[in-house]
Amino acid sequence: MPEWDTLVAGPEQQTALAGVDVAQVFAASYRKLVVQLYGIVGNASEAEDLVQEAFVRAYAAGPRFTRVDNPEAWLRTTAVNLYRNRWRKMRNFARIKHRLVEAPDLPGIDANIEVVDALRRLPENQRVVLVLHYFADRQVHQIAEELGIAEGTVKSRLSRGRDALAVLLGDVDDVEGGRP
Amino acid sequence: MSEQRLRDLGREAEELVDLPDLGSLQRRGRALRLRRQVAVVGAAAVVATAGVFLFQDRSTDAPQPATPRSEPYTVYPGAQMQDLEAGTYELTPSRDGTEPTVLLTVPDGWNSWEGPNRFDGHRAGDSNEEALARSTWVVGVTVLDVQGVATERCQPTVGATGIEMTYHQTIRAVRDIPGYEATVDRAGGSGLFGHPSTLIRLTPDAAQQACARDSQLFGTDTNGGVGLRGDLDVYVVDVEGLTYVVVANEVGSPPQAMRDELAGILASVEFVQPD
């Protein structure tokens, strides 16, 4: 586990994919993004659908997409916002119940299903920062920038999310009430 | 410990993800780009006609990721069979988030069904469902992203194939629905929706009318399951290459005021491109 200071001030992540085309980003980032969205939405089919839709948007941007500084973050932000917009649109339709009940997992995830279920039980704002930090290796200031929220808010959600996750997974030794 | 398990999940799960066909995503992206360009050219033509200035999309900036939508309109609640408050609603005919949604405005007194509808038969304390069962007249409108059209009289269900029907395929299929007398008006709906459209007036024969409540005319992947009764005005609309069907129906002899409200709702229908 990284020290908190390192976490907060961590090195700038290289945006090695900047300037490359969509196919290259797809090869490097598709699987990562699906797993990240799976962690956030708790539904493997939905995650694949959202990430694919984000790539459709990237293709729709045409050559301008090569100007994006961090294509993986762009795609992730697009997928997360599409999820939020879609959820809002569908919340009153009867099928949302159907979708929630089914919530398919990634085939073969059995060894980690307990962690997936624990993530599903956290509030969305905690899930998002946990996924960005632990799945996408984003530092606090990067998460704050990506989500458009204050660093203090990221720290707080990360801390609460970690504590809640530890309780849900029975790792009570991990709970540190005094950490920022 | 739990943090390590989280990291392990993130790393190990990547191996479980299958790659989709990139060509398919590329084709969908190009289609979306084309639709956006057509929409921009259409907007520019309107502005130029008004004699103001010619607008062109010459942006070379990096594109912005999709943003969370502000919600200026109420999400249409679907078939809840409850009173709708007067206002503008956003209805989502397609599950594909890159395809347009529909804004429509309803006055007081309308009911939430697949699309808004209105009927008589109300008594104090009764539900809208009970009133509808007693009704002598009904008017209604809905907008569908059609993936299938009935090919048999009194067809109980119409499958949603997942394949979009073209504008002309849809016109032919609607014209040929068994059990209806069809009149095609190529100019019907002209100017009504801001897109090319064809009106097909469908009048059921007695057998079709008898089974209409339990039969389906259109297969869709969202707000389908429609038991459309009575005379139908079916507008097939070409929204920049995507085909939608706007259905207005009348059962019995609705008062003229209700027909006027129905016409007003139809006139308010607006197709909105996603962000």
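A, B, ... follow the sequence lines: proteins, then strands. Residue 1 opens every chain.
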Taking every heavy atom of B/Arg33 against every heavy atom of A/Tyr59, the minimum-distance pair comes out as CD-O, 4.3 Å
With the side chain counted from C-beta on, respond yes when B/Arg5 and A/Asn112 share a heavy-atom pair under 4.5 Å apart, and no when they do not. no
Answer yes or no: is there a side-chain heavy-atom contact under 4.5 Å between A/Gln36 and B/Glu14? no
Looking at CD of B/Gln4 and OH of A/Tyr134, how far apart are the two atoms once the value is rounded to the nearest 0.5 Å? 10.0 Å
Over 12 foreign heavy atoms within 6.0 Å of CZ, A/Arg31: yes
Under 4.5 Å to a heavy atom of chain B? For A/Leu168 that would be neither
Residue pair A/Glu114 / B/Leu9, side-chain heavy-atom distance below 4.5 Å: no
Should A/Val22 and B/Leu25 count as side-chain neighbours, where that means a heavy-atom distance under 4.5 Å? no
Non-hydrogen side-chain atoms of B/Pro20 and A/Phe26 separated by less than 4.5 Å: yes
Looking at A/Arg121, I'd like to know if its CZ atom is crowded, meaning that more than 12 non-hydrogen atoms belonging to other residues, nucleotides or ligands lie closer than 6.0 Å. no
Work out which heavy atom in B/Ala66 is nearest to a heavy atom in A/Thr78; give both atom names and the distance. N-OG1, 3.2 Å
Side chain from CB out, backbone as N, CA, C, O: work out which of these in A/Ala47 comes under 4.5 Å of a heavy atom of chain B, or both, or neither. neither
Once rounded to the nearest 0.5 Å, what's the spacing between atom CD of B/Gln64 and atom CZ of A/Arg64? 8.5 Å
Minimum heavy-atom distance A/Tyr30-B/Asp18, with the two atoms named: CE2-O, 3.5 Å
I need the minimum non-hydrogen distance between B/Ala13 and A/Ile109, along with the two atoms involved. CB-CD1, 3.9 Å
Compare every heavy atom of A/Ala61 with every heavy atom of B/Pro63, then report the nearest pair and how far apart it is. CG-CB, 3.6 Å
Pick one of side chain, backbone, both or neither for B/Glu12, based on which atoms fall under 4.5 Å of a heavy atom in chain A. side chain
Scanning both residues in full, the closest heavy-atom pair of B/Ser2 with A/Leu165 reads O-CD2, 4.3 Å
Does the side-chain contact (heavy atoms from CB on, under 4.5 Å) test come out yes or no for A/Val115 and B/Arg7, once each step is laid out? CA-CA 10 Å; A/Val115 187; B/Arg7 286 186 201 283; over 6 Å; no
